[in-house]
Amino acid sequence: MIIQYDMDLTEKLRILGDAAKFDVSCSSSGVDRKNNGKGIGNSKACGICHSFAADGRCISLLKILFTNECIFNCRYCINRSDNDTVRTSFTPEEVCTLTMQFYRRNYIEGLFLSSGITHNPNYTMSQLVETVYLLREKYHFGGYIHLKAIPGAAADLIEAAGMYADRMSVNLELPTADGLALLAPHKSRKTILTPMRQIQNGIYKSRELPLIDNKTASLPDSTTDNTPDNSDSNFYNNHISTADRFHAPGIISGSSTHNLSTVRPVNNSFVPAGQSTQMIVGATAETDKDILYLSSALYKGPTMRRVYYSGYISVNTYDKRLPALKQPPLVRENRLYQADWLMRFYQFKVEEIVDDAYPDLDLEIDPKLSWALRHPEQFPIDVNKVDYEMLLRVPGIGVVSAKRIIRARRQAKLDHEGLKKLGVVLKRASYFITCNGKMQCRLRTDEPAVLAGILRDRGLPQGGIQPEIPEQLSLFNPTKEDAVKCLTGQL
């Protein structure tokens with residue numbers, strides 16, 4: 001590693017801001033906290049956006065790493081320990097300065113702070129705790145803070161962090177323990193799930209809900225199992241003194257440590273916006289079934305707000321254990337998000353989306369349409385008679401339009417023209433619905449005919465279908481004329 005210490009703040013921001021772009025679990029808001037009149041900023045539960053990152057994404061959080069130094073050697077990570085890249089670190093005061101200056105200029109609404117692991121997990125976590133402590137107590141910052149928990153860090157450090165952060169997250173990294181052992185040998189399921197369980201129970205305790213034990217835990221793979229811990233975290237934790245673990249003012253003062261239970265929680269709540277996590281898709285051989293069953297288990301607890309799916313980006317091409325992908329699996333990532341949406345908002349069960357016969361999502365069509373085509377016995381349905389849950393299963397009918405249909409049919413029977421006015425996408429829905437026994441589309445609901453009709457309506461070829469390749473839109477999309485000028489050197 002090439003570590004540079006004499007770097008100005010602007011250069012540090014350039015390096016550590018760019019290094020943070022690979023973490024997609026950048027959740028915003030979820031907590032409503034008004035300013036008490038003594039500090040600066042507040043947080044609104046409705047969500048925050050309207051800012052742009054260097055790679056074009058719309059966010060309004062200052063998204064940075066505390067450090068890109070790392071003692072771990074995760075094969076897929078650009079910051080792995082054996083990569084020759086320029087390394088640097090912020091200090092807690094520098095992060096506070098950046099956050100406050102950006103906030104006062106109305107560039108951001110909050111902070112997303114992650115980190116590589118320098119020295120050991122406890123040392124790194126103590127630096128993060130000190131940062132959020134200073135923001136809340138010294139600078140009286142009332143804006144949104146999303147903090148990454150460091151796997152392998154001590155429980156009291158996680159507890160202290162949860163008293164100041166709005167949301168915390170621990171990345172699962174890879175869907176299976178075998179994948180972790182192959183590509184992230186310094187990490188294990190146990191060291192990852194332990195802080196997730198602690199955050200979950202901390203939220204339950206602050207809400208006065210029954211705590212979750214390992215027998216009834218909503219998180220998968222109990223952290224008290226007998227599987228070997230292949231991480232080095234325990235070695236680092238057991239070879240440092242208590243004084244070295246805590247650096248945050250109020251947590252340690254001089255040589256005498258304070259009881260962390262005496263630290264006052266912000267807003268009298270522990271991680272009020274819940275937790276999130278992230279999985280890398282495509283780096284190992286897991287099926288979509290493996291990924292979605294894990295996500296479904298995580299969502300059974302009320303504290304898990306989002307599971308993010310990050311298509312594997314080939315940044316370390318010389319490692320033979322990594323797949324040789326020319327581009328990230330963006331279509332697969334998109335289908336996983338669509339399936340995730342079906343589980344969270346459309347009342348689909350994971351076994352209805354993927355099973356042994358269909359372990360992977362169809363890349364050509366979305367999961368909802370795929371389910372409908374596999375179950376022709378469910379259709380057509382009469383929109384004037386079926387319940388809300390069945391309306392949600394019709395391709396082309398979303399949550400908003402389903403609620404509108406329920407309200408509108410109380411006044412009069414709906415026809416196809418009325419459905420169109422309510423926002424129903426009839427190019428899809430017409431193959432699966434009737435209005436008072438009348439079907440707009442003459443095709444019967446057998447899979448080849450329906451699929452061919454839908455693809456024809458969308459202007460796609462009916463044979464040898466090529467999936468659409470999503471791309472990140474820029475702020476200023478060039479016209480065809482601009483593209484020609486750019487290619488000919490005129491622009």
**OP:** Indicate yes or no: does Arg136 engage Asp166 in a salt bridge with an N to O separation below 4.0 Å.
**Re:** yes

**OP:** Indicate yes or no: at least one non-hydrogen side-chain atom of Met343 is less than 4.5 angstrom from one of Ser296.
**Re:** yes

Subject >> Thr88 side chain reached by Thr67 side chain, heavy atoms, under 4.5 Å >> reply: no

Subject >> Taking every non-hydrogen atom, the tightest pair across Asp288 and Arg332 >> reply: OD1-NE, 2.7 Å

Original post:
Any luck finding a side-chain donor-acceptor pair between Tyr308 and Asn171 under 3.5 Å?
Top reply: no

Original post:
What heavy-atom pair brings Val95 and Phe90 nearest, and what distance separates the two atoms?
Top reply: CG2-CB, 3.6 Å

Original post:
Do Asp366 and Lys368 meet the salt-bridge criterion of a basic N to acidic O distance under 4.0 Å?
Top reply: no

Original post:
With a 4.5 Å limit on heavy-atom distance, are the side chains of Leu292 and Leu361 in contact?
Top reply: yes

Original post:
Between Thr284 and Glu286, is any side-chain donor less than 3.5 angstrom from a side-chain acceptor?
Top reply: yes

Original post:
Do Lys349 and Glu352 meet the salt-bridge criterion of a basic N to acidic O distance under 4.0 Å?
Top reply: no

Subject >> Pairwise side-chain contact, Leu134 with Phe141, heavy-atom cut-off 4.5 Å (strictly under) >> reply: no

**OP:** Spell out, as yes or no, whether a donor-acceptor pair under 3.5 Å connects the side chain of Arg306 to the backbone of Ser276.
**Re:** no

Original post:
Any idea which heavy atoms bring Tyr76 and Ala184 closest together, and the distance?
Top reply: OH-CB, 3.9 Å

Original post:
Relative to each other, are the rings of Phe345 and Trp341 parallel, tilted or perpendicular (30° and 60° limits)?
Top reply: tilted

Original post:
Taking atom types as modelled and ignoring hydrogens, do the side chains of Ser169 and Gln275 form a donor-acceptor contact shorter than 3.5 angstrom?
Top reply: no

**OP:** Kindly give the heavy-atom pair with the smallest separation between Leu174 and Arg189, and that separation in Å.
**Re:** O-NH2, 4.1 Å

Original post:
Can you find a pair of side-chain heavy atoms, one from Met279 and one from Ser295, that are under 4.5 Å apart?
Top reply: yes

Subject >> Nearest non-hydrogen partners of Ser89 and Lys12, listed with the distance >> reply: O-NZ, 3.0 Å

Subject >> Atom of Ile64, atom of Gly17 and distance for their closest heavy-atom approach >> reply: CG2-CA, 4.2 Å

Original post:
Quick one: does Val354's side chain get under 4.5 Å of Asp360's, heavy atoms only?
Top reply: no

**OP:** Find the distance between OG1 (Thr131) and CD1 (Ile145) and round it off to the nearest 0.5 Å.
**Re:** 9.5 Å

